[in-house]
Student: 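Dumping the structure here so I can ask a few things about it.
Below, each value reflects all heavy atoms present in this structure, side chains not excepted, and no hydrogens, waters or symmetry copies.
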Amino acid sequence: MEISLPQAAEMLHSANTIVLTAHVHPDGDSLGSMLALYAALQADGKKVCMLLDDVVPAMYHFLPNWKKISKPVDNDRFTPDLLVVLDASDIERIGKVQNIVKAPILNMDHHISNTKFADYYYIDSKVAATGEIILALLKLMKSNVTADIGTCLYTAIATDCGFFRYANTSAATLRDAADLVEAGAQPQCISEALEQRSIANLITLTKVLQTIETHHEGKIATMTILPDLLSDPDENTEGFINYARSIEGVEIAILFRAIDERTVRISFRSHRADVSQVALKFGGGGHIRAAGCTVHDTLENAMAQVLPVAVAQIR
């Protein structure tokens with residue numbers, strides 16, 4: 001059932017035990033939104049836990065309370081008053097959490113591809129990030145936006161709009177960022193933390209750049225990452241795809257990351273094409289200009305399936 005933001009605030013106010021989760025392959029928006037809401041609900045006296053069916057990338061280890069995020073275990077069982085799913089457009093994107101938590105689901109999200117899977121949902125596809133929704137929610141709840149919450153939400157918003165460079169950046173987005181800086185977020189510290197990379201990671205990038213191929217008269221560029229290319233299975237490859245997107249004449253960039261022989265995580269970026277529609281066809285989702293999905297097949301077959309669908313999105 002679609003609800004308003006004040007109704008979402010009332011649901012959170014009425015619940016005593018709450019589980020928070022977000023999508024697998026977490027990014028700054030999903031993590032920042034979850035950690036900010038966690039801090040606010042804890043301060044309000046709620047019993048809250050955070051579950052995530054994935055590892056927290058090292059680049060986000062500067063975020064307050066990230067160590068309190070737990071990974072679900074198959075035989076775990078949670079029966080809270082409410083399960084809050086943040087920044088996820090489909091129930092499958094929360095992985096094992098859907099199987100071990102039995103509670104009404106409240107989904108707060110900004111993806112245009114949202115499948116409206118939850119018992120209650122608030123979706124605003126006009127905002128740049130779910131972090132903007134959480135900030136508006138906390139203001140409604142009269143929560144104290146501390147410096148830690150400001151750091152989490154600034155990270156959520158800034159990372160999802162390319163640090164205010166992407167087309168989804170609005171005047172409201174910039175006003176929200178200003179409010180969070182006033183609350184104590186430090187943009188320079190956040191940027192520096194996110195820009196840090198190991199030498200090994202830079203060496204990986206040079207190898208991945210060598211896999212770039214162009215298709216469809218140069219309008220599509222692909223990059224591939226094989227498991228043996230990474231020094232660590234959890235190595236950060238966020239941002240690699242932007243190099244393919246920056247090639248002159250490229251409309252859609254696609255990064256294929258083979259996790260194992262029959263699992264391929266795929267990221268899409270575009271200048272004008274709606275890549276959320278490509279991701280949606282393979283059980284994923286996202287934004288018009290940035291989306292992702294997972295294909296359970298070989299890398300070769302995944303590429304053969306995805307490329308024609310991407311071509312069809314180019315006008």
Side-chain angles (χ1 to χ4, degrees), residues 23-27 30 52-59 71 88-90 92-96 111 113 197-198 200-247 249-271 273-314:
H23 62 76
V24 294
H25 197 32
D27 56 12
S30 58
L52 184 67
D53 192 16
D54 213 333
V55 297
V56 176
M59 65 186 294
K71 198 167 183 179
S89 57
D90 187 278
E92 297 302 322
R93 297 211 73 205
I94 66 172
K96 291 179 183 177
H111 293 102
S113 60
R197 291 187 181 274
S198 66
N201 188 248
L202 287 176
I203 292 172
T204 298
L205 173 59
T206 64
K207 295 176 181 177
V208 174
L209 289 174
Q210 294 175 46
T211 70
I212 291 178
E213 295 180 352
T214 57
H215 312 262
H216 196 54
E217 300 178 336
K219 294 178 181 178
I220 293 177
T222 61
M223 307 171 80
T224 55
I225 303 177
L226 298 174
D228 60 4
L229 205 60
L230 304 178
S231 57
D232 181 336
D234 299 321
E235 186 174 346
N236 169 35
T237 58
E238 192 165 327
F240 283 15
I241 192 173
N242 293 324
Y243 289 93
R245 182 180 178 272
S246 68
I247 298 171
V250 166
E251 174 53 37
I252 296 177
I254 310 173
L255 173 63
F256 295 90
R257 179 171 174 173
I259 305 303
D260 55 43
E261 290 183 356
R262 295 193 65 82
T263 307
V264 184
R265 281 183 174 173
I266 305 170
S267 299
F268 304 93
R269 297 292 184 273
S270 76
H271 290 286
D274 184 355
V275 290
S276 72
Q277 294 302 310
V278 183
L280 200 59
K281 288 185 182 294
F282 297 95
H287 316 289
I288 293 175
R289 306 287 180 260
C293 65
T294 299
V295 172
H296 295 284
D297 208 330
T298 64
L299 175 61
E300 183 180 2
N301 287 345
M303 294 182 73
Q305 293 170 51
V306 168
L307 279 170
V309 180
V311 168
Q313 283 297 313
I314 297 177

Student: Taking side chain as C-beta onward, heavy atoms only, is M223 less than 4.5 Å from I254?
Tutor: no

Student: Is there a side chain to side chain contact (heavy atoms under 4.5 Å, CB included) between V309 and F282 once you walk through the steps?
Tutor: CA-CA 10 Å; V309 180; F282 297 95; 3.8 Å; yes

Student: Does some side-chain heavy atom of D54 sit less than 4.5 Å from a side-chain heavy atom of H25?
Tutor: yes

Student: Hey, are the side chains of T211 and L226 touching, using non-hydrogen atoms and a 4.5 Å cut-off?
Tutor: no

Student: So does R269 get a backbone contact from the side chain of R289, meaning a donor-acceptor N/O pair under 3.5 Å?
Tutor: no

Student: Any side-chain heavy atom of I288 within less than 4.5 Å of one from Q277?
Tutor: no

Student: Does M303 reach the side chain of T224, with side-chain heavy atoms less than 4.5 Å apart?
Tutor: yes

Student: Using modelled atom types only, decide if a donor and an acceptor are shared between the side chain of E238 and the backbone of D27 within a distance under 3.5 Å.
Tutor: no

Student: In the structure I gave you, are the side-chain heavy atoms of R262 and H296 within less than 4.5 Å of one another anywhere?
Tutor: no

Student: Does F240 reach the side chain of N201, with side-chain heavy atoms less than 4.5 Å apart?
Tutor: yes

Student: Quick one, V264 and N301 - any side-chain contact, counting heavy atoms below 4.5 Å?
Tutor: no

Student: Could you check R257 against I266 for side chain to side chain contact (heavy atoms under 4.5 Å, CB included), going step by step and ending with a plain yes or no?
Tutor: CA-CA 6 Å; R257 179 171 174 173; I266 305 170; over 6 Å; no

Student: Quick one about T222 and H215 (side-chain donor to acceptor, distance below 3.5 Å, no hydrogens or angles considered), yes or no?
Tutor: yes

Student: Within the side chain of S30, is there an N or O that forms a donor-acceptor pair under 3.5 Å with the backbone of H23?
Tutor: no

